[in-house]
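For the numbers below, each heavy atom of this structure counts, side chains included, while hydrogens, waters and symmetry mates do not. Residue numbers count from 1 along this sequence.
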Amino acid sequence: MSTVTSSRPTAPPSAAAADPPRRTGRRQQRIAATVLLTPFTALLIAVFLVPVGYAIYLSLFGEDHSGLGFGGGETVFTGLRSYLAVLQDPSFLSGFGTIALYCVIFVPTVVVSALALALLLDSGLIRLRRTSQMLLYLPHAVPGIIAAVIWLYLYTPGLSPVIKLFAQADITIDFLGLHTVLPSIVNIALWSGLGYNMIIFYAALQALPREVIEAATIDGAGGIRTALQVKVPIIRGSVVMVCMFSLIGALQLFTEPMLMNQATPMVNSRFTINMYIYDAAFRRNNYGLASAASVILLIVTCVLSYAVTRWSGRRERRA
């Protein structure tokens, strides 16, 4: 009798035995990833996606008053009417221009200043580096509203010892004037955010391989050349991150001008975009208009953040 043998190759016993452990390992990785991502996903939905969705919903509705407006308002679907009203409002466009000018002044100033301080600390030219870091970071620990109140006291004529000191030297300066109020706001934000960004740059510089710095020194590069041509290009990722975060924070400017609104007529109730949104929602009770302005601000922020990220990616690929 002849026996029929199968021509199929049989898997080695070792491979068959190793397959279940691999599946178990992948399953455990999926479970671990799910457990770790669930809190973040829940918070993202609760504090970002739901409010954004509700703001979009509110922006599409408004209140119409019948007759002469003495009766109660009726909520009706208005479509994009609130968006058109926002984009055609001169005060909103003026607030957008103010924010744009503020970003042009503040973002490069805080990034360059923080990077320069971090490079100076990393070079070893400053003694007591731990103490210097603490003193530079300390203003960031002060709440923003407290910092604004402190600086408002220093800007107010008749109260400020700084203005009195300038007056003794026959120098007259108005920190809350037409052309100085925006630089004064930039100064408050710079005082609060400089130390925080400096710590980010300093931590990135401390992670650099010392061999690279030593090689540059052996090749004859001086301190400034090493800092600009060796250290800064390596920490480009941290520079881009600080630029993006500073830009996002600048677009959300609210606390400082809101307090200065009570001290100078140069800062009106719609001085910035966020102040426009606050005025529309809580002074004019127009939540559709406020929501539409909020959505526009969100879109601008996302577009600018994406542009900075793409620009950084192209620079890295070219390098």
Side-chain angles (χ1 to χ4, degrees), residues 91 94-121 125-199 201-202 242 246-247 249-276 278-279 283:
S91 59
S94 175
F96 226 115
T98 301
I99 285 296
L101 182 58
Y102 174 81
C103 291
V104 169
I105 299 174
F106 171 71
V107 175
T109 303
V110 71
V111 172
V112 173
S113 301
L115 184 58
L117 287 174
L119 290 170
L120 193 60
L121 288 173
L125 297 177
I126 297 180
R127 297 181 179 180
L128 302 174
R129 283 186 291 181
R130 298 290 184 184
T131 304
S132 301
Q133 292 177 49
M134 183 191 68
L135 293 176
L136 288 170
Y137 182 79
L138 191 59
H140 181 72
V142 178
I145 189 169
I146 302 300
V149 169
I150 293 172
W151 281 101
L152 184 60
Y153 165 75
L154 296 176
Y155 290 156
T156 304
L159 298 176
S160 171
V162 177
I163 295 179
K164 293 179 181 178
L165 186 63
F166 278 118
Q168 293 177 359
D170 293 332
I171 299 176
T172 303
I173 183 170
D174 183 10
F175 292 105
L176 303 177
L178 177 62
H179 301 292
T180 56
V181 65
L182 190 60
S184 297
I185 295 174
V186 171
N187 177 65
I188 300 174
L190 185 65
W191 182 77
S192 300
L194 183 61
Y196 176 78
N197 294 318
M198 182 272 299
I199 292 295
F201 288 140
Y202 183 73
V242 170
S246 300
L247 179 62
L251 292 172
Q252 299 174 359
L253 180 65
F254 177 77
T255 304
E256 294 84 357
M258 192 66 181
L259 285 176
M260 289 187 175
N261 180 33
Q262 309 297 325
T264 173
M266 301 303 161
V267 178
N268 56 42
S269 60
R270 306 176 193 178
F271 186 73
T272 66
I273 304 175
N274 280 297
M275 292 180 66
Y276 178 92
Y278 179 87
D279 178 76
R283 292 178 179 173

Counting C-beta onward and ignoring hydrogens, is there a side-chain heavy-atom pair between [X] and [Y] closer than 4.5 Å?
{"X": "Q252", "Y": "T272", "value": "no"}
{"X": "L253", "Y": "N274", "value": "no"}
{"X": "Y153", "Y": "P161", "value": "yes"}
{"X": "T172", "Y": "F166", "value": "no"}
{"X": "I185", "Y": "F106", "value": "no"}
{"X": "L154", "Y": "W151", "value": "yes"}
{"X": "I173", "Y": "T180", "value": "no"}

Are the side chain of [X] and the backbone of [Y] linked by a donor-acceptor contact shorter than 3.5 Å?
{"X": "S113", "Y": "V110", "answer": "no"}
{"X": "S160", "Y": "I163", "answer": "yes"}
{"X": "S184", "Y": "L176", "answer": "no"}

Rounded to the nearest 0.5 Å, what separates atom [atom1] in [X] from atom [atom2] in [Y]?
{"X": "Y137", "Y": "M134", "atom1": "OH", "atom2": "CE", "result": "12.5 Å"}
{"X": "T255", "Y": "M275", "atom1": "OG1", "atom2": "CE", "result": "10.5 Å"}
{"X": "F175", "Y": "I188", "atom1": "CZ", "atom2": "CD1", "result": "11.0 Å"}
{"X": "D174", "Y": "T264", "atom1": "CG", "atom2": "OG1", "result": "7.0 Å"}
{"X": "I99", "Y": "F271", "atom1": "CD1", "atom2": "CZ", "result": "8.0 Å"}
{"X": "M260", "Y": "M266", "atom1": "CE", "atom2": "CE", "result": "13.0 Å"}

Donor on one side chain, acceptor on other, N197 and Y202, under 3.5 Å:
no
Before giving the answer on side chain to side chain contact (heavy atoms under 4.5 Å, CB included), spell out for S94 and R270 the whole-Å C-alpha distance, their side-chain angles and the decisive distance to 0.1 Å.
CA-CA 8 Å; S94 175; R270 306 176 193 178; over 6 Å; no
Give me the atom names and distance for the closest heavy-atom approach of [X] to [Y].
{"X": "A114", "Y": "L194", "answer": "N-CD1, 3.4 Å"}
{"X": "M258", "Y": "Y278", "answer": "CE-CE2, 3.3 Å"}
{"X": "Y155", "Y": "N187", "answer": "OH-ND2, 2.9 Å"}

List the steps, then state whether side chain to side chain contact (heavy atoms under 4.5 Å, CB included) holds for C103 with L251.
CA-CA 7 Å; C103 291; L251 292 172; 4.1 Å; yes
Would V242 and F201 satisfy side chain to side chain contact (heavy atoms under 4.5 Å, CB included), going step by step from the backbone distance to the final call?
CA-CA 9 Å; V242 170; F201 288 140; 3.7 Å; yes
